Amino acid sequence: MSEPSAPFRAPVGTHDVLEPASAVWEGMVAIFAERAYRYGFTLAITPVFEDVGVFVRGIGEQSEMFRNEMYVFSDRADRRYALRPEGTAPVVRAFVQHHMASPWKCWYFAPSFRYERPQKGRYRQHHQLGVEVLGTDDPAVDVEVIALLHGFFRDIGLSQVRLLINSMGHRACRARYVELLSNYLEEHQAELRDEHRELWRQNPLRLLDCKDPACVEVTSRAPMLIDHLCEACRSHFDQVLAGLSAIGVKSVLSPRLVRGFDYYNRTTFEFTSDALEGAQNAIGGGGRYDQLAEELGGPPASGIGFGSGVERILLAREAEGIDAPLLKRTLDVFVIDTTGDESVAALVEALRDDGFATDRAYDQRSMKAQMKAANKSGARVALLVGPDELGAGEVAIRDLRSADFETAQRRVARADVVSALEDLLAR
Ligand code: HAM
């Protein structure tokens with residue numbers, strides 16, 4: 001006989017979401033869906049894996065970094081796939097593939113996979129709530145997308161949230177700026193630590209969000225892209241800022257905000273939580289990308305969107321001390337039956353059809369055991385059927401929240417169960 005093996009555990013960097021936390025997740029998704037719906041977004045569900053080329057486009061240094069974090073595998077026919085590390089590229093791939101009419105506004109709830117060093121707020125499987133809008137570069141859309149996420153955070157009770165915003169310009173602005181920044185860094189390279197000197201040669205922009213004190217010191221005096229935007233990009237950004245302030249969404253201009261993907265241009269933004277620690281305090285981020293559709297083989301189409309990590313949002317809620325449930329998920333009725341009669345099973349089913357959250361005991365347990373289960377279930381009302389009630393075509397109805405036995409329980413005819421329940425539950 002072989003030794004029994006140790007029980008399996010969820011893979012490193014992943015989590016099971018079970019009750020009671022799962023009800024908070026369910027509420028969060030429902031609230032996000034409702035808000036997205038109010039802004040005219042529809043749900044998009046794309047595969048969890050895609051052709052690896054959907055995520056690795058070009059040979060940029062950022063693509064390289066990203067490639068190292070991806071779960072890549074070959075199937076039996078030797079096709080190369082990657083588990084989705086983020087939600088944007090698959091949605092743009094779907095937009096191109098299905099020739100969706102512009103503007104296309106969609107939302108998603110997507111597990112995303114990154115081979116990172118797991119720590120609090122950073123996981124190998126995380127879940128993003130996000131939106132993308134494709135087919136328009138109207139700055140009003142930038143405002144709308146940011147307002148949606150801002151409103152969602154308010155809906156779920158977060159208050160210590162900060163919106164950081166920047167513009168990356170378009171390709172030509174950025175190319176001009178990178179040259180300017182490179183020249184500046186060349187002059188100041190002696191002030192950088194050795195390993196960071198390499199970093200800026202690969203990608204000078206990366207140095208802007210480097211937390212190393214020497215880098216911070218040097219870049220604090222460096223030219224900023226925001227001051228070197230072309231007229232069109234500057235005007236776009238000004239309209240976004242004006243639009244946000246017109247609807248009362250406060251933002252902090254953050255010229256050093258550099259987002260981790262190379263598809264961004266023009267507006268980029270991040271929501272951070274002041275209640276969380278620095279390294280993992282981004283609870284949502286996004287921006288505009290105007291080349292991605294073409295890079296994925298489609299016609300030119302501007303896009304903008306964001307992704308917001310559910311795990312991080314929950315950490316932020318916890319850190320702010322918010323524990324209000326987002327969703328009512330309690331049982332209405334628990335049916336206690338000692339007869340095993342089929343008519344009772346039919347009653348349970350009918351109650352569920354009528355909209356009552358109803359549970360019951362199994363395995364023909366004793367009255368006492370079933371009563372205990374009813375109390376434990378959190379249901380507000382118990383319905384009891386014993387031989388007596390069955391014979392009389394009645395059920396006993398009992399308010400489980402009342403301590404007074406005399407008034408808590410009474411008998412009603414089967415035909416009157418629904419109205420009696422409605423009465424009790426409304427109280
Ligand atoms: P991102 O900033 O990489 O952007 O991720 C979006 C959000 O997902 C982050 O702000 C964070 O809340 C959460 N997140 C990211 N990585 C992890 C992780 N390892 N563990 C836990 N949470 C994480 C994107 O993914 C872009 N697709 C956003 C976007 C949409 N841009 C345009 N449209």
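None of these values were measured; they are calculated from a predicted model. The first residue of the sequence shown is numbered 1, and numbering continues consecutively from there. When a ligand or atom number is given, it counts from 1 through the structure's own listing order.
- Between Glu116 and Arg124 no salt bridge is recorded (no basic side-chain N to carboxylate O distance below 4.0 Å).
- Protein heavy atom closest to atom 30 (C) of ligand 1, with residue, atom name and distance, is Thr88 OG1, 2.9 Å.
- The distance from ligand 1 to the heavy atoms of Glu116 drops below 4.0 Å at these ligand atoms: 18 (C), 19 (N).
- Among protein heavy atoms, atom 8 (O) of ligand 1 sits closest to Gln128 NE2, 3.4 Å.
- Sparse packing is recorded around CD of Glu19, with 12 or fewer heavy atoms of other residues, nucleotides or ligands lying under 6.0 Å away.
- Using a 4.0 Å cutoff on heavy atoms, Gly287 counts as a contact of ligand 1.
- The heavy atom nearest to atom 6 (C) of ligand 1, out of those in Gly285, Ala110, Ala282, Gly307, is found in Gly307.
- The shortest N or O to N or O distance between Phe261 and ligand 1 is not under 3.5 Å.
- Interface of Gly284 with ligand 1, defined as ligand atoms under 4.0 Å from a residue heavy atom, comprises 10 (O), 12 (O).
- Looking only at protein heavy atoms, the nearest one to atom 26 (C) of ligand 1 is Tyr263 OH, 3.4 Å.
- Within the structure, the closest approach of Gly121 to ligand 1 falls below 4.0 Å when heavy atoms are considered.
- Looking only at heavy atoms of the protein, atom 18 (C) of ligand 1 is closest to His126 ND1, 3.4 Å.
- A salt bridge links Arg162 and Asp274; the closest N-O separation between the charged side-chain nitrogens and carboxylate oxygens is under 4.0 Å.
- Taking the six-membered ring for Trp, Phe32 and Phe152 have ring centres closer than 6.0 Å.
- With respect to atom 27 (N) of ligand 1, the closest heavy atom belonging to the protein is Glu86 OE1, 2.4 Å.
- The pair Arg380-Asp399 does not count as a salt bridge, with every side-chain nitrogen at least 4.0 angstrom from each carboxylate oxygen.
- Of the possible donor and acceptor atoms, one in the side chain of Arg114 sits under 3.5 Å from a partner among the backbone N and O of Pro85.
- Of all protein heavy atoms, the one closest to atom 16 (N) of ligand 1 is Arg114 NH1, 3.2 Å.
- With a 4.0 Å heavy-atom cut-off, ligand 1 is reached by the backbone of Arg122 and by its side chain too.
- Close contacts between ligand 1 and Glu132 involve ligand atoms 30 (C), 32 (C), 33 (N) [criterion: under 4.0 Å to a heavy atom].
- Remark: ligand 1 and Glu270 share no N or O pair separated by less than 3.5 Å (distance only, no angle test).
- Atom-to-atom distance recorded for Ser74:OG and Arg80:CZ is 4.5 Å, nearest 0.5 angstrom.
- The proximity of Ile283 to ligand 1, defined as any non-hydrogen pair under 4.0 Å, is limited to the backbone.
- Heavy-atom proximity to Gly286, at under 4.0 Å, picks out these atoms of ligand 1: 29 (C), 31 (N).
- Contact check on Arg259 versus Glu270 returns a salt bridge, with a Lys/Arg side-chain nitrogen under 4.0 Å from an Asp/Glu carboxylate oxygen.
- For atom 31 (N) of ligand 1, the closest non-hydrogen atom of the protein is Tyr264 OH, 2.6 Å.
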Pair Tyr115, Tyr71 - check ring pair (Phe, Tyr, Trp, His ring centres under 6.0 Å), show working.
CA-CA 7 Å; Tyr115 194 83; Tyr71 281 89; 5.7 Å; yes
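- Side-chain N or O atoms of Gln370 include one that pairs as donor or acceptor with a backbone N or O of Arg365 at under 3.5 Å.
- For atom 20 (N) of ligand 1, the nearest protein heavy atom (residue, atom name, distance) is Tyr123 N, 3.0 Å.
- Residue Arg259 places a heavy atom under 4.0 Å from ligand 1.
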